[in-house]
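Reading through the structure tokens given below for one structure.
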Number of protein chains: 2
Amino acid sequence: MATRRLTQKDIARLAGVSQATVSFVLNGSPENANRIPAETRERVQKVIRETGYVADPVARRMVKGLNRILGVFTYEPAFPSAQADFFTPFLLGIEEAAQELGYDLLLLTGAGVKRRIFGENVRLRLSDGCIILGRQFDRDELTRLVAGDFPFVAVGRRDDAGGPVPYVGGGYAVATATLVDRVKAMGHRRIAYVGLNAGAESTVDRWIGFQPALGNAELVYTQFAVAQPPGETLDAILAARATCVFFTELADAIAVDAIARHRGISVPGDLSIVVLGNHIRAEEHGRRFTSFSIPREAMGRAATEMLVRRVENDAPVEQVLLDCAIVEGDTLGPLSTQHIRNT
Amino acid sequence: MATRRLTQKDIARLAGVSQATVSFVLNGSPENANRIPAETRERVQKVIRETGYVADPVARRMVKGLNRILGVFTYEPAFPSAQADFFTPFLLGIEEAAQELGYDLLLLTGAGVKRRIFGENVRLRLSDGCIILGRQFDRDELTRLVAGDFPFVAVGRRDDAGGPVPYVGGGYAVATATLVDRVKAMGHRRIAYVGLNAGAESTVDRWIGFQPALGNAELVYTQFAVAQPPGETLDAILAARATCVFFTELADAIAVDAIARHRGISVPGDLSIVVLGNHIRAEEHGRRFTSFSIPREAMGRAATEMLVRRVENDAPVEQVLLDCAIVEGDTLGPLSTQHIRNT
DNA sequence: CAACACTGCTAATGCGTATAAGCGCTAATG
DNA sequence: CATTAGCGCTTATACGCATTAGCAGTGTTG
């Protein structure tokens with residue numbers, strides 16, 4: 001246990017050469033490699049093989065600057081089961097891409113309660129660059145990151161923070177607009193929207209896609225708050241004689257759908273439901289909501305590849321939105337005759 | 001972008017002191033801290049605050065030897081969805097413990113197809129120690145780890161490999177024996193065992209707990225192979241007039257249970273089923289099998305804490321088995337009168 | 001035969017930090 | 001008044017490696 005780690009000096013001593021020679025044998029550049037004859041090289045390599053020596057990556061990094069390590073920072077802990085379904089697909093994509101590109105991942109656990117990038121001990125800097133994951137972004141930290149020289153890529157679109165933020169996001173606005181078009185094609189003209197319309201970029205994007213796509217349809221009810229009993233929400237939707245309701249949160253949709261079913265209100269017969277994004281596996285709740293899917297794994301991959309481009313080639317800031325596939329589901333139907341009669 | 005990172009030298013210049021003074025201000029040990037008057041300290045800290053300087057963890061590690069980073073090595077990729085349910089609970093425990101102890105996690109992605117600890121560039125060594133996760137262990141690498149001076153802890157019991165292996169495992173043998181006792185207390189005397197009884201330690205442990213606990217019960221059928229159609233397995237179990245069957249693999253149990261149900265054979269009325277370990281959430285398949293639960297999260301936590309003890313205090317090798325709680329389930333019932341008649 | 005190039009190495013340096021050792025100064029002590 | 005004991009710093013060194021510069025010896029050229 002007390003046996004100190006082997007160093008190049010040890011190898012050099014055992015092989016009867018200098019430390020520099022060992023270093024050359026290990027990573028001889030084309031010009032310098034051939035300056036060491038095969039015989040000496042063999043002798044050194046024999047010692048390396050026998051001792052199982054490997055260069056200390058820390059010292060290596062000291063002089064080379066790069067580590068082939070990518071940091072992954074999450075503002076929320078990544079693995080707790082409540083979050084796991086959300087984070088795992090991202091991490092899967094990140095891990096796969098990192099492996100292909102020959103990078104390891106440094107998972108930053110965030111010291112103490114407050115997770116911060118710029119904390120006391122920014123061990124983050126050990127990595128060559130970092131991916132930032134999570135819904136809650138600290139504005140100030142983002143600004144500092146943009147201003148600084150540390151390469152990073154955000155997963156999820158981010159507004160400018162003293163400069164453009166490199167990101168890989170989901171095309172929520174486009175997908176939302178597509179769903180609105182589909183709803184209108186089904187004949188719906190009286191529409192409700194339940195969910196936030198401000199705050200995080202991902203939330204805003206949905207609203208931005210939604211609003212202009214409405215066209216000649218009428219937004220008869222909006223509920224931008226969240227904490228309301230689902231029964232009341234349903235009452236309000238029906239009172240406004242909406243025939244189709246958009247939810248930003250799957251959980252809200254599930255709750256309202258359950259109440260509707262309980263009251264004998266048919267979905268989509270009497271009321272169509274559309275969810276803007278699908279965070280959880282379909283199997284967990286019986287319903288397949290009409291919605292769009294977030295390409296989380298692909299986002300992880302793309303972000304990783306973008307980060308490596310920035311690290312290795314000092315590539316310029318890129319901003320990418322990946323397409324979200326429409327999930328047909330079975331909660332959106334054509335306007336019923338009863339609806340038409342009521343109008 | 002071209003702005004080089006700040007170093008202590010820069011801070012020193014700006015504050016009009018020496019580099020060493022900056023270092024003292026940053027991490028003054030009790031004896032040395034008070035050697036620097038508040039005024040100077042303030043001046044230096046002001047510059048640090050204004051510039052946002054943070055010490056390079058690499059250089060820090062160079063001199064301190066430790067990095068507050070724990071490596072996590074998995075022989076199989078951790079996040080692919082097939083594996084995710086298996087690995088996630090471990091990672092959850094590891095992440096929580098690491099966070100509490102102030103460590104970050106270095107996830108080793110394994111270069112290329114073959115995942116190896118001792119590869120070309122053992123990036124692992126950047127961490128202070130490592131946790132090894134996964135069912136498939138490379139014997140040779142384990143031996144080298146045991147022989148070496150790099151601190152590690154295995155998750156899952158491991159046989160000696162040229163010396164005792166530090167691990168946190170599950171008490172499968174004890175839990176299995178408990179289940180056997182319970183089965184016997186229900187009156188069962190004709191028992192079947194389906195699953196491997198050799199190979200990985202976790203498999204062997206189940207068999208080791210099973211065999212001696214049988215006592216006066218009779219092992220009327222064993223199937224140590226795996227790849228057999230579930231129908232044939234069921235036929236063989238029934239032909240042997242077993243009244244209770246133990247499975248090591250949940251998947252096998254699910255398959256046989258499904259066939260039995262399809263054929264109108266009642267579980268546990270006609271045949272009791274016990275599963276030795278529960279790998280997947282109960283909700284995913286309808287049945288709650290009588291089994292034991294593997295405390296994966298606790299294992300991750302314990303392994304992390306053990307590793308930190310080894311890293312920080314050079315603690316001796318520990319080998320711990322955590323209790324597996326018995327899952328009552330509804331696939332184990334008392335011997336039916338029909339069974340008794342048949343005997 | 002002097003000048004020079006090439007071979008096969010070694011010595012020296014720097015990366016950014018922590019820390020032991022030391023140095024000039026003032027105040028307290030004998 | 002000589003000595004010592006803090007005080008408030010600075011200087012110097014080491015960590016393990018990559019890399020540049022250079023040096024001794026041999027051959028090659030003009």
Side-chain angles (χ1 to χ4, degrees), chain A residues 3-45 48 51 53-68 120-126 128 149-150, chain B residues 4-45 48 51 53-68 120-123 125-126 128 149-150:
Chain A
T3 50
R4 210 180 37 74
R5 273 205 69 188
L6 283 171
T7 71
Q8 283 191 352
K9 212 188 298 179
D10 299 320
I11 305 300
R13 194 169 26 76
L14 290 172
V17 295
S18 73
Q19 175 263 322
T21 303
V22 177
S23 180
F24 279 130
V25 168
L26 280 175
N27 29 295
S29 52
E31 321 97 70
N32 292 321
N34 50 12
R35 307 233 358 198
I36 292 176
E39 193 199 354
T40 308
R41 191 199 312 280
E42 272 309 315
R43 188 152 38 92
V44 173
Q45 272 170 343
I48 290 174
T51 55
Y53 165 84
V54 279
D56 181 349
V58 177
R60 213 177 181 119
R61 153 83 203 234
M62 266 299 283
V63 48
K64 297 261 283 193
L66 291 184
N67 241 337
R68 297 202 85 77
E120 279 305 299
N121 242 359
V122 189
R123 298 164 295 204
L124 183 63
R125 313 281 318 213
L126 209 149
D128 301 335
D149 62 336
F150 189 69
Chain B
R4 210 179 38 75
R5 272 206 67 190
L6 283 172
T7 71
Q8 284 191 351
K9 213 187 297 181
D10 299 320
I11 304 300
R13 193 169 26 76
L14 291 171
V17 295
S18 73
Q19 174 263 322
T21 302
V22 177
S23 180
F24 279 131
V25 168
L26 279 175
N27 28 292
S29 50
E31 320 98 70
N32 293 320
N34 49 13
R35 306 234 357 196
I36 291 172
E39 192 198 355
T40 308
R41 192 199 312 279
E42 273 310 314
R43 189 155 35 95
V44 172
Q45 272 168 344
I48 290 174
T51 55
Y53 165 83
V54 279
D56 183 348
V58 179
R60 212 173 180 124
R61 155 85 205 232
M62 255 318 271
V63 48
K64 298 260 285 192
L66 292 185
N67 239 339
R68 298 203 85 76
E120 277 306 300
N121 32 348
V122 188
R123 300 163 295 199
R125 314 281 316 214
L126 224 156
D128 301 336
D149 62 337
F150 189 69

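Below, chain A is the first sequence line, B the second, and so on; all start at residue 1. Predicted, not measured: the structure shown is a model, and the values here were computed from it.
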Difference in axis direction between the ends of the helix from dC1(C)-dG30(D) to dG30(C)-dC1(D), five pairs, 10°
70°

Length of the CD1-P vector between Ile11(A) and dC17(D), whole Å
9 Å

dC15(C) phosphate, OP1 or OP2: any side-chain N/O from Thr7(B) under 4.0 angstrom?
no

Base dA11(C) to side chain Gln19(A), donor-acceptor N/O within 3.5 Å cut-off
no

At less than 4.0 Å, is any side-chain N or O atom of Gln8(A) found next to OP1 or OP2 of dA18(D)? Yes or no.
yes

Quick check on dG16(C): is either OP1 or OP2 less than 4.0 Å from any side-chain nitrogen or oxygen of Arg60(B)?
no

Within the pair Thr21(B) and dT10(D), is there a side-chain N or O less than 4.0 Å away from OP1 or OP2?
yes

Here's a test of your reading of the structure: between Leu26(B) and Gly16(A), which maps to the more 5' nucleotide of DNA chain C?
Gly16(A)

Distance check: side-chain N/O of Tyr53(B) vs OP1/OP2 of dG16(C), anything under 4.0 Å?
no

Residues which pass side chain to side chain donor-acceptor pair (under 3.5 Å) with Asp128(B), listed by chain and number, not counting sequence neighbours:
Arg61(B)

Nucleotide dT10(C), atom C1' - distance to CZ of Arg13(A) in whole Å
17 Å

Output all residues satisfying side chain to side chain donor-acceptor pair (under 3.5 Å) with Arg13(B), sequence neighbours left out; order by chain, then residue number.
Asp10(B)

